[in-house]
S.K.: 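I have a structure I would like to understand better, so I am pasting it below and will then ask my questions one at a time.
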Amino acid sequence: MEAPHRLLASLVATLLLFAACTSVANPELDERAILGVLVPWGDLDAERQLAQEVHDREQQLVADCMKGLGMRFTPVGYEAVAFGPGIGVDRTEFITRYGFGISTNDETFAAFERHTRDAEDPNQEHQRSLSQQHRTLYSETLSVCDRRVREALPRLPKPFQQAVDGLKNRVTADIRVITAEQEWEACVRGTASSVLPDFSTLDDVLAWLLHEYQLVKERPAQLAALQDLEREIATAHLECEPPVLAAMREVAAEYEPSFVHDHADVFQEQLEFLVAG
């Protein structure tokens with residue numbers, strides 16, 4: 001089951017992926033924390049916190065770059081760029097409103113826009129005070145700094161990413177996880193009041209919802225029905241997922257120490273970026 005607890009809006013998902021390839025100035029950050037962002041059994045609250053800290057670190061680097069180029073820049077708060085479970089809305093409320101955020105994509109994006117529009121960007125007032133010429137120069141300089149910061153971030157090499165996929169496959173192939181997923185499927189079907197499509201994992205459900213959304217997104221009545229079904233499935237999933245996560249974490253605990261040891265150089269690069277910050 002791929003990422004059974006990550007019900008994030010698209011931008012938040014992007015930030016979490018960004019978090020996966022950087023390090024942050026947090027003394028509690030270690031190899032297991034970085035790995036937790038990359039696997040489906042990671043803790044959602046920890047991921048959200050890591051994403052926020054990475055955002056804050058990136059913003060500070062941008063501010064340092066702008067200062068070095070003679071420009072004023074105040075780091076932008078995470079709430080001004082992100083929306084999702086634990087960020088502007090709690091998980092239960094997010095699921096109640098938007099399900100997984102697939103067929104409800106337009107509603108989710110509108111909520112993201114409302115949330116971030118209400119959050120203050122401390123640089124907007126400064127930019128408005130500039131002449132058109134200086135405003136253009138400011139934007140160009142900010143683009144330069146954004147690019148410099150992203151180019152400086154350590155990346156996850158492809159072999160490491162493939163190794164992570166292998167770790168996930170080993171965990172999900174374990175009979176304890178397979179059994180837990182079978183119980184999860186029965187739980188979701190038993191909790192939902194609607195007739196559900198065929199599925200055995202959450203991946204199956206998400207793929208089906210995406211396919212159906214593409215078919216009905218221009219048909220309001222059918223789209224509304226699919227959105228209601230998505231919310232119902234997501235709500236059932238929220239209730240039924242804990243045993244699956246527990247099984248995954250139990251199995252993963254047997255593999256993660258050797259994985260961290262075998263890929264110590266990759267993790268060390270992330271942590272060295274932290275120290276440099």
S.K.: When rounded to the nearest 0.5 angstrom, what is the spacing between CG in Leu245 and CH2 in Trp41?
M.R.: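 Interatomic distance, Leu245 CG to Trp41 CH2, rounded to 0.5 Å: 11.0 Å.
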S.K.: Hydrophobic cluster membership, with links at side-chain heavy-atom distances under 4.5 Å among I/L/V/M/F/W/Y: are Met71 and Val144 in one?
M.R.: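 Unlinked, Met71 and Val144 end up in two clusters.
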S.K.: Would you say the side chain of Leu202 lies within less than 4.5 Å of the side chain of Val244, judging by non-hydrogen atoms?
M.R.: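 In short, these two side chains do not touch, never coming nearer than 4.5 Å.
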S.K.: Identify whether Leu137 and Leu69 are in the same connected component of the hydrophobic contact network (ILVMFWY, side-chain heavy atoms under 4.5 Å).
M.R.: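 No, because Leu137 and Leu69 fall into different hydrophobic clusters, even though each may have its own neighbours under 4.5 Å.
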S.K.: Starting at CG of Leu61, measure out to CG of Asp56 and round the result to the nearest 0.5 Å.
M.R.: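 That separation rounds to 11.0 Å.
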S.K.: Are side-chain heavy atoms of Glu79 and His115 found at a separation under 4.5 Å?
M.R.: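 Yes. Closest side-chain heavy atoms under 4.5 Å.
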S.K.: Would a single hydrophobic cluster contain both Val205 and Leu210, if residues Ile, Leu, Val, Met, Phe, Trp and Tyr are joined by side-chain heavy-atom contacts under 4.5 Å?
M.R.: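 Same hydrophobic cluster.
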S.K.: Is the number of heavy atoms from other residues, nucleotides or ligands within 6.0 Å of CD (Glu125) greater than 12?
M.R.: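 No, not enclosed.
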S.K.: Kindly say whether Thr74 contributes a backbone atom to a donor-acceptor pair with the side chain of Asn123 at under 3.5 angstrom?
M.R.: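 Side chain of Asn123 to backbone of Thr74: a pair is present.
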S.K.: Between atom CD of Gln162 and atom CG of Leu167, what is the distance when rounded to the nearest 0.5 Å?
M.R.: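 That separation rounds to 14.0 Å.
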S.K.: Could you state the interatomic distance from CZ (Phe94) to CD1 (Ile87), rounded to the nearest 0.5 Å?
M.R.: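 Rounded to the nearest 0.5 Å, the CZ-CD1 separation comes out at 10.0 Å.
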S.K.: Does Glu241 come within less than 4.0 Å of Arg91, counting only side-chain N to carboxylate O?
M.R.: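 A salt bridge links Glu241 with Arg91.
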S.K.: Quick check: closest heavy atoms across Val260 and Glu31, and the distance to 0.1 Å?
M.R.: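 Shortest heavy-atom separation between Val260 and Glu31 comes out as CG1-CB, 3.6 Å.
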S.K.: Nearest 0.5 Å, please: how far is CG in Asn105 from CG in Leu209?
M.R.: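 So the CG of Leu209 and the CG of Asn105 are separated by 12.5 Å.
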S.K.: For residues 99-116, which residue pairs pass the salt bridge (charged side-chain N to carboxylate O under 4.0 Å, His left out) check, not counting sequence neighbours?
M.R.: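 Counting only pairs at least two positions apart or across chains, the salt bridge (charged side-chain N to carboxylate O under 4.0 Å, His left out) contacts touching residues 99-116 are Glu107-Arg231.
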S.K.: What disulfide bond (SG atoms under 2.5 Å apart) pairs are there with at least one residue in residues 189-227, not counting sequence neighbours?
M.R.: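 Checked against disulfide bond (SG atoms under 2.5 Å apart) - neighbours excluded - no pair reaches residues 189-227.
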S.K.: Measuring from atom CG of Asp174 to atom CG of Asn169, what distance do you get when rounded to the nearest 0.5 angstrom?
M.R.: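 One finds 12.5 Å between CG of Asp174 and CG of Asn169.
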S.K.: Considering residues at least two apart in sequence or located in another chain, which fulfil the salt bridge (Lys or Arg N to Asp or Glu O under 4.0 Å) criterion with Glu254?
M.R.: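 Scan of Glu254 (salt bridge (Lys or Arg N to Asp or Glu O under 4.0 Å), adjacent residues dropped) gives Arg176.
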S.K.: Is there a side-chain contact between Pro75 and Val62 (heavy atoms, below 4.5 Å)?
M.R.: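 Of all side-chain heavy-atom pairs linking Val62 with Pro75, none is under 4.5 Å.
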S.K.: With sequence neighbours excluded, give me every salt bridge (charged side-chain N to carboxylate O under 4.0 Å, His left out) pair touching residues 139-149.
M.R.: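 As it turns out, the salt bridge (charged side-chain N to carboxylate O under 4.0 Å, His left out) pairs with a partner in residues 139-149, which skip direct neighbours, are Arg147-Glu151.
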S.K.: List the residues meeting side chain to side chain contact (heavy atoms under 4.5 Å, CB included) with His263, not counting sequence neighbours, and say none if there are none.
M.R.: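 For His263 the side chain to side chain contact (heavy atoms under 4.5 Å, CB included) partners, ignoring immediate neighbours, are Phe160, Ala163, Phe259, Phe267.
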S.K.: For Asp165, check salt bridge (Lys or Arg N to Asp or Glu O under 4.0 Å) against everything at least two apart and list the hits.
M.R.: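 Partners of Asp165 under the salt bridge (Lys or Arg N to Asp or Glu O under 4.0 Å) test: Lys168.
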S.K.: Is the number of heavy atoms from other residues, nucleotides or ligands under 6.0 Å of Asp265 CG greater than 12?
M.R.: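 Yes.
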S.K.: Who passes ring-ring contact (aromatic ring centres under 6.0 Å, His included) against Tyr255, sequence neighbours left out?
M.R.: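 If we apply the ring-ring contact (aromatic ring centres under 6.0 Å, His included) test to Tyr255, skipping adjacent residues, there are no hits.
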S.K.: Over all heavy atoms of both residues, which pair between Ser139 and Gln127 is shortest? Give the atoms and the distance, please.
M.R.: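 Where Ser139 meets Gln127 most closely, the heavy atoms are OG-NE2, 4.1 Å.
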S.K.: With no hydrogens and no angle check, just 3.5 Å: does a side-chain donor-acceptor pair link His261 and Ser258?
M.R.: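 His261 vs Ser258: no donor-acceptor pair found between side chains.
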S.K.: Give the minimum heavy-atom separation between Leu226 and Val216, together with the two atoms involved.
M.R.: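 Distance-wise, the nearest heavy atoms are CD2-CG2, 3.8 Å.
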S.K.: Tell me, please, which residues at least two apart from Arg32 pass salt bridge (Lys or Arg N to Asp or Glu O under 4.0 Å).
M.R.: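 Residues passing salt bridge (Lys or Arg N to Asp or Glu O under 4.0 Å) with Arg32: Glu256.
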S.K.: Quick one: list whatever passes ring-ring contact (aromatic ring centres under 6.0 Å, His included) with His126, sequence neighbours left out.
M.R.: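 Only Tyr138 meet the ring-ring contact (aromatic ring centres under 6.0 Å, His included) criterion with His126.
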S.K.: Within the distance-only criterion (no hydrogens, no angle test), does the side chain of Gln52 pair as donor or acceptor with the backbone N or O of Tyr78 below 3.5 angstrom?
M.R.: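 Such a contact is absent between Gln52 side chain and Tyr78 backbone.
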S.K.: My understanding is that only residues two or more places apart in sequence, or in another chain, count here; which of them pass salt bridge (Lys or Arg N to Asp or Glu O under 4.0 Å) with Glu185?
M.R.: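 Counting only residues at least two positions away or on another chain, Glu185 forms a salt bridge (Lys or Arg N to Asp or Glu O under 4.0 Å) with Arg189.
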S.K.: Looking only at heavy atoms, which two atoms of Ala173 and Ile178 are closest? And how far apart?
M.R.: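 Scanning both residues completely, I find the closest heavy atoms to be O-CD1, 3.3 Å.
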S.K.: Are Phe112 and Val89 connected into the same hydrophobic cluster when the rule is that any two of I, L, V, M, F, W, Y join if their side-chain heavy atoms are below 4.5 Å apart?
M.R.: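 Yes, Val89 connects to Phe112 through the hydrophobic network.
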S.K.: Without hydrogens or angle criteria, can the side chains of Gln227 and Ser103 be said to hold a donor-acceptor pair below 3.5 Å?
M.R.: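 Side chains of Gln227 and Ser103: no pair found under 3.5 Å.
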S.K.: Please determine, by modelled atom types, if Ser200 and Glu181 share a side-chain donor-acceptor pair under 3.5 angstrom.
M.R.: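 No donor-acceptor contact under 3.5 Å links the two side chains.
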S.K.: Using ring-ring contact (aromatic ring centres under 6.0 Å, His included) as the criterion, list what pairs up with Tyr213, not counting sequence neighbours.
M.R.: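 Tyr213 satisfies ring-ring contact (aromatic ring centres under 6.0 Å, His included) with no residue once adjacent residues are dropped.
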S.K.: So does Glu58 pair up with Arg150, basic N to acidic O under 4.0 Å?
M.R.: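 Yes.
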S.K.: As a quick check of understanding, evaluate side chain to side chain contact (heavy atoms under 4.5 Å, CB included) for Val188 and Phe199, giving each step before the final call.
M.R.: CA-CA 10 Å; Val188 170; Phe199 66 88; 4.0 Å; yes
S.K.: Listed by chain and number, what are the side chain to side chain contact (heavy atoms under 4.5 Å, CB included) partners of Asp64, not counting sequence neighbours?
M.R.: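 Expected list: Gln60.
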S.K.: Is the closest side-chain heavy-atom distance between Phe100 and His237 below 4.5 Å?
M.R.: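 Side-chain contact under 4.5 Å: yes.
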S.K.: Report yes if some heavy atom in the side chain of Leu229 is under 4.5 Å from a heavy atom in the side chain of Leu196; otherwise report no.
M.R.: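 Contact flag for Leu229/Leu196 side chains = yes.
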S.K.: Nearest heavy-atom pair of Ser194 and Glu232: which atoms, and what distance?
M.R.: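 Closest pair (atom of Ser194, atom of Glu232, distance): OG-OE1, 2.7 Å.
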S.K.: Should we count CD of Gln133 as having more than 12 external heavy atoms under 6.0 Å?
M.R.: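 Result for CD/Gln133: open.
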S.K.: Which heavy atom of Glu239 sits nearest to which heavy atom of Thr191, and what is that distance?
M.R.: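 Looks like OE1-CG2, 3.7 Å.
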